[in-house]
Amino acid sequence: MQKEMEKLEVHLTPSPPSNESLDDLGSDSDRPLGPRGMLKFNLQYNKKSTTLTLNVIEATDLPEYSRDPFVRIRVLCKTDEPKSEVQTVLHECETRVVKNSRNPIFDEDFSFSLKEYPLSNTSIKLEVKDFDKYSRHTLIGEARRALKDLKSSETLEFNEHLQEKTKDIIGEVLISLKCLPTAQKIEVGILKFKTSSSSIIQERDVYARIDVFSNQHKQKHQKSSLRAKSKVTVFNETFLFSLPDPKKTHCLILISLYETLSTGKKLIGQTTLGNQKTKFKDDHWDMMMQTLRQPVADWHPLYI
C-alpha cells in the first residue's frame, strides 16, 4: 500500500496556492539513491513535569537537490489496545526554513507535555524536508527515536543518519464500494472515520477527499461535506466515478482525510484501494466484483 501511495506522487502535484498539497503522501522515490545526510538533536525528559524537551541543532551533508530545508516533528504514542498498530499524534510542529543551505543550523527548542502518556509507548519522528512554496515539499529523510530509554533530567544528544520515510497508522476509515457495470460507474462511500481511543480530540471539522485513477488517468476529485471531528466521525456519503470496464480497467482509489485549521487545512491520513497488482491483495475490491450492484463495506488503515 505504501508503494502504491508513493506512485501517486507523480499524479498528485496540485496547483498553487492549494492548501491540500498532499506533500505527506510524497516519497523520495524519484530522487537519486545515496546518502541523505545527518540530523543532530538533543532530547531531555523531565519526569516531574512529564515534559519532553527537544533541541533541533542542525542537519549536515544534505543531498545536492536540497535547497530550503526544514524539519517537521511528530510525537507519537502507540495505543494499548492488543494487536493494534494504531498510533496517536500527540504533538506536531515544524522548525523554520533555512534558505539555500545543505548544512542548515536550526538551534530551535520545543517542549511537549506527555502527561498521561507513558514513555514506553512514545516515540519522536523528525522529517527533514525541502520547502517548496508552489508545490508539495520534498522529503529528504527521517530520523526516529523511541523514548522508553530516556532517563529523567538527562540530556541525550543524537546525530542520526537520515533514513527513507516510513508510514504510521493513525486511524481507520470505513469505506463502501459498489460496482455499477451497466452505467459504467463505481460508487465510493465514505461511512466512518475512527481514531485510537487515546487520541486528543480538538474542536475541528474534518472532511474526506476522494481521488480516482483509471488506467493512470486522474478523474476530477470529489469531497465530502464537513463533519465535527470525534473519536468516531460519521460521514455516510457516497460518490460516483467513471469505471468503463470493471474487469479490465486498472483502478486506484486514494482517500485523504483533512481537518480544518484557522490557517488552512491539514492532512490527517490517507489510504488506497483498488485492483492494481501489488503485494497487498485487496480483498475489498474482489468482494465488490463478486456482488455487483450491491455495496460492500470494509475498514482500511489510515497512514501518515
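Computed from heavy atoms alone, side chains included, the values below leave out hydrogens, waters and symmetry copies. All of these numbers come straight from a predicted model, not from anything done at the bench.
- Counted within 6.0 Å of CD on Glu64, heavy atoms from surrounding residues, nucleotides or ligands total 12 or fewer; the atom is thus considered open.
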Side chains of residues 182-194: which donor-acceptor pairs under 3.5 Å do they make with residues two or more places apart or in other chains?
unit_1	atom_1	unit_2	atom_2	d
Thr182	OG1	Arg293	NH2	3.2
Gln184	NE2	Pro244	O	3.2

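- Remark: Phe112 engages His91 in a ring-ring contact (aromatic ring centres under 6.0 Å, His included) (not counting sequence neighbours).
- By the 4.5 Å heavy-atom criterion applied to side chains, Ile253 and Leu177 are counted as neighbours.
- For Lys247, the side chain to side chain contact (heavy atoms under 4.5 Å, CB included) partners at least two apart in sequence or on another chain are Asp245, Met289.
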Going through the distances and angles, do Tyr45 and Leu114 end up as a side chain to side chain contact (heavy atoms under 4.5 Å, CB included)? CA-CA 9 Å; Tyr45 178 67; Leu114 299 182; 4.1 Å; yes

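- Qualifying side chain to side chain contact (heavy atoms under 4.5 Å, CB included) partners for Thr155, counting only residues two or more places apart in sequence or in other chains: Asn42, Gln44.
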Apply side chain to side chain contact (heavy atoms under 4.5 Å, CB included) to Asp130 and Asp68, showing your working. CA-CA 5 Å; Asp130 198 31; Asp68 303 321; 4.3 Å; yes

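- Between Pro104 and Phe70, the closest side-chain pair of non-hydrogen atoms is not below 4.5 Å.
- Salt bridge annotation for Lys129-Glu94: absent, with no cationic side-chain nitrogen under 4.0 angstrom from a carboxylate oxygen.
- Listed by first and then second residue, the salt bridge (Lys or Arg N to Asp or Glu O under 4.0 Å) pairs involving residues 100-116 are Arg96-Glu108 (not counting sequence neighbours).
- The shortest distance between side-chain heavy atoms of Asp211 and Lys218 falls below 4.5 Å.
- Shown here are the ring-ring contact (aromatic ring centres under 6.0 Å, His included) partners of Phe131, two or more places apart in sequence or in another chain: His137.
- Every residue meeting the side chain to side chain contact (heavy atoms under 4.5 Å, CB included) condition with Glu85, not counting sequence neighbours, appears here in chain and number order: Lys78, Ile169.
- Here the side chains of Lys40 and Thr60 are not in contact, with every heavy-atom distance at 4.5 Å or above.
- With values rounded to the nearest 0.5 angstrom, Cys179 atom SG is found 7.0 Å from Trp285 atom CH2.
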Where do Leu54 and Leu126 land on the side chain to side chain contact (heavy atoms under 4.5 Å, CB included) test, with the steps shown first? CA-CA 11 Å; Leu54 165 70; Leu126 301 98; 4.1 Å; yes

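- Pairs engaging residues 235-244 under the side chain to side chain donor-acceptor pair (under 3.5 Å) rule: Ser225-Glu237, Arg227-Glu237 [sequence neighbours left out].
- Taking Ile, Leu, Val, Met, Phe, Trp and Tyr as hydrophobic and joining them when side-chain heavy atoms fall under 4.5 Å apart, one finds Leu240 in a cluster with Leu180.
- The ring-ring contact (aromatic ring centres under 6.0 Å, His included) pairs that include a residue from residues 148-191 are Phe41-Phe158, where partners are two or more places apart or lie in different chains.
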Taking distance alone, no hydrogens or angles, what donor-acceptor pairs closer than 3.5 Å link side-chain atoms of residues 140-152 to residues at least two apart or in another chain?
unit_1	atom_1	unit_2	atom_2	d
Glu142	OE1	Thr166	N	3.2
Glu142	OE2	Thr166	OG1	2.9
Arg144	NH1	Thr166	OG1	2.8
Arg144	NH1	Asp168	OD1	3.4
Arg144	NH1	Asp168	OD2	3.2
Arg144	NH2	Asp168	OD1	2.7
Arg145	NE	Glu160	OE2	3.3
Arg145	NH2	Glu160	OE2	2.9
Ser152	OG	Lys47	N	3.2

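- In this structure the side chain of Ile210 reaches within 4.5 angstrom of the side chain of Val212, judged on heavy atoms.
- Judged as a side chain to side chain contact (heavy atoms under 4.5 Å, CB included), and not counting sequence neighbours, the contacts of Pro295 are Lys178.
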